[in-house]
Structures are given as C-alpha cells and as structure tokens.
Q: 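One structure coming up, written as structure tokens, with questions to follow.
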Protein chains: 2
Amino acid sequence: MPTIKDVAKMAGVSVATVSRVINNSGYVNEVTKKRVEQAISQLNYRPNNVARSLFHGRSQMIALLVPDIMNPFFPELARAVEDFAKLNDYTFVLCNTDDNPEKEMHYIYALEQKSVDGIIVVSSTVTEKSLQGIHVPIVALDRIVSAKLPSITVKNRDGARQAVRYLKQLGCKRIAHICGPDNVSNTKERLGGYIDEVKNEEWFLSSYVVSGDYQYDKAMDATKNLLKSHPEVDGIFVANDLMGVGVLKAAQELGLKVPEDIQIIGFDGISLGEKITPSITTMKQPIYEMGTRAAQLLIQQINEPNQQVQHEEYEVTLVKRESTK
Amino acid sequence: MPTIKDVAKMAGVSVATVSRVINNSGYVNEVTKKRVEQAISQLNYRPNNVARSLFHGRSQMIALLVPDIMNPFFPELARAVEDFAKLNDYTFVLCNTDDNPEKEMHYIYALEQKSVDGIIVVSSTVTEKSLQGIHVPIVALDRIVSAKLPSITVKNRDGARQAVRYLKQLGCKRIAHICGPDNVSNTKERLGGYIDEVKNEEWFLSSYVVSGDYQYDKAMDATKNLLKSHPEVDGIFVANDLMGVGVLKAAQELGLKVPEDIQIIGFDGISLGEKITPSITTMKQPIYEMGTRAAQLLIQQINEPNQQVQHEEYEVTLVKRESTK
DNA sequence: CACCTATATGTAACCCGTTACATATAGTTC
DNA sequence: GAACTATATGTAACGGGTTACATATAGGTG
C-alpha cells in the first residue's frame, strides 16, 4: 500500500502539500495540485484511516449493539441507523450481543479502543456502573439503561394498555400475556400496562402471565402450556411480534383458529407480522424513525458533548390485522 | 483517556516497560510489574487500539458484507461468522450493502483503510476488476464473485434439481419457478437446476419462470400474477425461503390451500420457514457451517496470504414440512 | 523603496503505541 | 578477576497521517 510519502516523492513535493491537497485545506498552487492528484491516482493511493484516527482521536464510525440479530426488529432498527449514519458520512457497523453482559462490555471496550465515535445500545444488562471509565458517547435505544444516558423508547405501558383494551373491545373475556425477560425495561412496562387493564377484572389470574423471553421457541412452548391449563383464554397480548409468531404457531398446533377461537395482538410492528398468515395485529413502533432519531442524537452528542440528556418517548399505534376479529 | 505515558509516569518507569507488562513480552521484574499493573488499574488505562493497529498494520477485526440484513438468511450467516471470529479473538462487524455496488465498494474501501484484517462478502456486484488495488483478504460467501476469490457456496443446481424432482414425485403436474435477481450467481444455478428438470416436459412454458428478486413483496406480486394467468400451476419451486413466505401469502390471498391446491418448496432453510404456518418445505443449506467455514478460510488467509484459492461447495438437504404433501 | 499581505511550500512535532538497540547490574564460569 | 550470560530497563525510531510554525516569493500600498 502506497503512503503519503510515496505520493509526495512522486509529485516532488512534501507530505504537507499532499495532505493539503487531500483535505482541501490551506494554500496549494493549482499546478501543484494537479501533479499531486495525478500521483495519487497513478499510485492508487488512499489515505490510511488508522493514522488519521490516531491523530484526530476519532474514526468517523458509529456502532449499534443489538441483543439479538435474529429478531427482525433489530435489523429494521439497524437499517434506520445505517441510513442516517451514511447521510452524515459515518461508517456504520452492527454488533450482536446476545444480551450477554460480557459480550456487551467486550464490544463497548473494543469499539472505544478503536476510537469509534459513538455507540447506540439496545441493552438491558449494561449499567451505569459498568459504564464508568467509558468515554464514548452512548445513546440507549428501545430500552432504558440509565437516567444519565440519552434514550429513545416508546410509550410501552400506554401501548400495552391500548392493546389489552382493544382485545376487550373485540369481546375477549379472558386475556393472557406473554411477556419478555424480566430484566428488560420494556418488559416491565408492557407487563405493567397489561396489569393496569386486567387487575380489576374478576377473571384475572396471575398465571395468565407467562414469560416467552422475547424468543419464538420459548413463547411457543409457554403458550402451549398456558392454553392447555387455561383453555378459557380467548385473547393474548404478546409483548413482541416475534413471540407473536410463536403464539400463533402454538394456537394452530393445538387446533385453535385465529382469530375465531383466540385473538392475538403483538407489539413492535415488524414487517414479518404482515408477511405471515394470519397477519398479526400489533402495536406498531415507529421503528425507522426511532433508529434515525437515535443516530441523530448520537451524532449531536459526538459533535457537542455535555449536551442535556434527553429521553424521548414515541407513540405506538394500533395496526389491525388478521389475528384479531 | 490516560495513555501509556501517564502509566509510565505514575509507575516511575519508561513506556517500554509498561508495554512489556501489557504484552507480557521481554524481561520485567516482578516488583516493577506489580507497580505498573497498579498504575494501570488506578488510571483505568486501556491501550489505544488505533495506535496498535497503526503500528502493526492489523486491527484484529473482520467484517461481513451482506446484501440484505432484513432477509433472515443473512443474520443467520452472521451469527456463525461472529461466533467463529470471537473464538479467534477477532472483533466482528456486520455491514449491509443493499446489493448496491457503490455501497459495497464504499464499505470495502472504508474497511481496508481502517486496517480491517479481512472481509467476507456476499455480493453479486463486486467484480474482479473493482477489487484491483484492494489488498485485504476477501472470501466470497453464498455467491461466487470471481475465480480468484476463495468461496463457500452450496450445490445450487443440484439442490434445485432435487427440489423440482421432489415436487414431481409428490404429483405436481405444472411446476413454476420464482427466481432471484438475474445478476446473482446462485439465481442462475438454481434456475439452471429447475430448467434441467422441466425442459423436456411437454407442459413446460417459459412463462413459468418469474423473478421475485429475492424479496418478499416482489415474490408475492409475481406469484399472484403467475397464478392468475396460469391457474394450472400446482407446484412452485421458490429460489429462497423469504420469497417462499411471499408465495405462500399470495396463494392464500388467492384462496388457494397449501399444500392441497398448490405445493411450495423453498431454498435456504432459514428458521423462519418452520416458524410460520404452514411451515415451508425447503432445500436446507448448512448455514452455520458455511459461515463458520468462511470465517475460518478468511482467518487462514490473514495468517498466511497467498494460499491456494479454494472453492468449497456444500450439499443441501431436503427438509420436508407442511407446504408440501 | 520599505512594508505588508496573500499565496505557496517545507520542516518537524505530534497522535500512541511497539520494539530494535543500547546500557547496566548481578550472578556464573574458568 | 576477566569474560560471559541472564535479567532489567531506558532511548528513540517507526507506523502514516495532520498541522503549527517557519520560510519564501510575488504583488500591492504609501
């Protein structure tokens, strides 16, 4: 790989002049500039970004950490962040953490040491304490990490209440809830919204709440067990769409018709929800907008640190589809 | 952020000694070592990876370029690459290219300039020519880029033939094919396999082949058109599972029962295929194995460049599910 | 003509590690 | 005691850029 020195030598100038040409800074004679440019193209020279990063302490790169790359919700978020990053001349990279605290911190450390300019995290295991000594700007997305980190989330509790109310309105008499892992902030909020709406119903049983861990398989198993022991359940509010697909599968395997025998409403609004049959009614998050906004907040923070910490909450909207009547 | 100098100053030694402690190289007195380690932990010092990368010319990072992060096939591949990378102490990052030649080359350039040690690409637009002047080791995955690049693929033609033969065996009399974008190597191979099996059938029509561009939406539209103009079609071989889901949706929207009225077989073996109802019969690729092997080949190439170029082809296996009888 | 400014270019320090090489001391061997 | 070795540590060059500062020339102003 040619270096700036090679270019300087070939063009018969100093490295400073070459640098000026590359960065379009300072004074450079038009004729000299041409000569340098020719040398650059002849040598097929491209400046070494590592050297640049070392000098500047920044790399024009941002990263997104997601807990589960196989849940389509996160690739959709990633698309948004990526697009916004590209528009702002940042290289975007995606990292998968499995919601594993060690992997998360490993990535955060590794990325900071690589002078990544900022990180967006979807995490439920990162804590304020574990972030001590970390200097990269971080924005939390989808899940709140700490009051000190800017965050982009949705009104989970509110959305959950809407979902349950809608099921009631459709005539459901016994509504169950498949929730996420209990350490995730939005699990608690969505569960809270469900409880708000059912706690005063005389039919409510605490065994109507089961965890599906935000995973397809677990949600399917959990639903089968639930419906076997509680055949009276005629509506399920599922904490995310991926689990919604599992719930659907479980119902179908038990010979139940959706939505005739049992109605299902999910959360997230991933595109998978409308691809399948029956398509899943859901509380849709503005995924693209959220990813974009998180990237925007991050880049703002990179450019001007010590900004006021913002917590933005987006609305969710009910999208009626085939899994409800 | 503290630097090695700060540590050296605090421990009362030279930077060389600190470096020796960090890297466990050369001679360091036990007592000195303790002192240095204490200074490190007190300052919460972590070596700057950019400086290391600059010196060594390598970054212990590899990347995977995929054309469509929203197609679950690629996150599944990514998982495999990531796991293998981690086992070998490489940081792994994922980049999305949209199969857009500019984005692809942009990433390849950006990554090389960041001293990324190697790149695995799933690409149909990168050419041998566009790779001139690129020095990072590259391995092609899922799609062949050039004879000069090591590649990991599957026996697409063979798999396609198996799929079509299976549909015939199940009694299908008119078998159509939804193919991918025509510039993708495996599109041609899968189409080729289909043609092999149907070209001598007296019922075969060239209009039985339509493109779904490897996308859900397009596949759904294409299938609706196909089935409207050719209601006699009773079997479809779909070139990937994501499109398979779209084909399923199209059939259902037209009031056709799967597999009673029409049988569907996909390709890839993504887990989504078994999550939905009816689950999709498919030609399963050993996705995890392929990703792992690609990462392994890449790391081999990083450690010993100028290895012999290898092209490995994996077998695909028929997985019978509900979309066929 | 003296002085000032805009233009043009080069020199060298700097970013932060790594490591070849130099230097120094203690212990061993003959 | 001289010579050698293993241990211990420091100095400075290096990787590939960027940029503050120094220097030089041409043209303009009073």
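The chains referred to below are lettered A, B, ... by the order of the sequence lines, with proteins before strands, and numbering in each begins at 1.
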Q: Tell me what Val13(A) touches on the nucleic acid: a base, only sugar-phosphate, or nothing, going by heavy atoms under 4.0 Å.
A: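 Answer is sugar-phosphate: Val13(A) comes under 4.0 Å of backbone atoms only.
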Q: Counting the atoms with a prime plus P, OP1 and OP2 as sugar-phosphate, which does Thr3(A) contact under 4.0 Å by heavy atoms, base, sugar-phosphate, or nothing?
A: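 Sugar-phosphate: the residue Thr3(A), judged by heavy atoms under 4.0 Å, touches backbone atoms but no base.
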Q: In whole angstroms, how far is the P atom of dA13(D) from the CG atom of Leu54(B)?
A: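 Value for this atom pair: 17 Å.
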Q: Take Asn29(B) and Arg52(A), find for each the nucleotide of DNA chain D with the closest heavy atom, and name the residue whose nucleotide sits nearer the 5' end.
A: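 In this pair, the answer is Asn29(B).
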Q: How would you label the contact of Ser25(A) with the nucleic acid (heavy atoms, under 4.0 Å): base, sugar-phosphate, or nothing?
A: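 Contact class for Ser25(A): none.
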Q: Quick one: Asn49(A) CG to dG16(D) P, roughly how many Å, whole number?
A: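 Result: 14 Å.
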Q: Closer than 3.5 angstrom, by distance alone: can the side chain of Asn88(A) be matched with the main-chain N or O of Ala85(A) as a donor-acceptor pair?
A: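 Checking the backbone N and O of Ala85(A) against the side chain of Asn88(A), no donor-acceptor pair under 3.5 Å is found.
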Q: Can you confirm whether more than 12 heavy atoms, excluding those of Gln38(A), are under 6.0 Å from its CD atom?
A: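 Count not over threshold, so no.
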Q: How is Asn23(B) classified with respect to the nucleic acid when contacts are heavy atoms under 4.0 Å: base, sugar-phosphate, or nothing?
A: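 Touches sugar-phosphate only.
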Q: Expressed in angstrom and rounded to an integer, what is the separation of Gln113(B) atom CD from dG15(D) atom C1'?
A: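 These atoms are roughly 16 Å apart.
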Q: Contact class for Ser53(B) vs. all strands (heavy atom < 4.0 Å): base, sugar-phosphate, or nothing?
A: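 Ser53(B): no heavy atom of the nucleic acid under 4.0 Å.
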Q: What are the 5'-most and 3'-most nucleotides of DNA chain C lying under 4.0 Å from any heavy atom of chain A?
A: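 Span of nucleotides near chain A: dA6(C) to dC16(C).
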Q: Surrounding NZ of Lys188(A) (heavy atoms of other residues, nucleotides or ligands, distance under 6.0 Å), is the total greater than 12?
A: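 It does: Lys188(A) NZ has more than 12 such atoms within range.
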Q: Starting at the 5' end of DNA chain C and moving along, which residue's nearest nucleotide shows up first, Ala16(A) or Tyr27(A)?
A: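 That would be Tyr27(A).
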Q: Roughly how many Å is it from CG in Asn24(A) to C1' in dG17(D), rounded to a whole number?
A: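 These atoms are roughly 17 Å apart.
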Q: Evaluate the criterion side chain to side chain donor-acceptor pair (under 3.5 Å) for residue pair Tyr288(B) and Asp83(B); output intermediate values, then yes/no.
A: CA-CA 10 Å; Tyr288(B) 198 87; Asp83(B) 289 350; 2.4 Å; yes
Q: Between Lys114(B) (NZ) and dG17(D) (C1'), how many Å, whole number?
A: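 Between C1' of dG17(D) and NZ of Lys114(B): 14 Å.
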Q: Hey, which sits more toward the 5' end of DNA chain D by its nearest nucleotide, Gly26(B) or Ser19(A)?
A: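 Going by which nucleotide is closer to the 5' end, it is Gly26(B).
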Q: Examine dC14(D): is either OP1 or OP2 under 4.0 Å from a nitrogen or oxygen in the side chain of His56(B)? Give yes or no.
A: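 For dC14(D), OP1/OP2 do not have a side-chain N/O of His56(B) under 4.0 Å.
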Q: Ignoring hydrogens and angles, tell me if any N or O in the side chain of Asn23(A) forms a donor-acceptor pair with the backbone of Ser25(A) under 3.5 Å.
A: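 Judged by distance alone, no pair lies under 3.5 Å.
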Q: Is there a donor-acceptor pair under 3.5 Å between the side chain of Lys114(A) and the backbone N or O of Ser59(B)?
A: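 Here the side-chain-to-backbone pair exists.
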Q: Tell me: CZ of Phe55(B) to C1' of dC14(D), nearest whole Å?
A: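 Checked: the CZ to C1' distance equals 6 Å.
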Q: Just checking Glu313(A): does its CD atom have more than 12 heavy atoms from other residues, nucleotides or ligands closer to it than 6.0 angstrom?
A: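 Yes.
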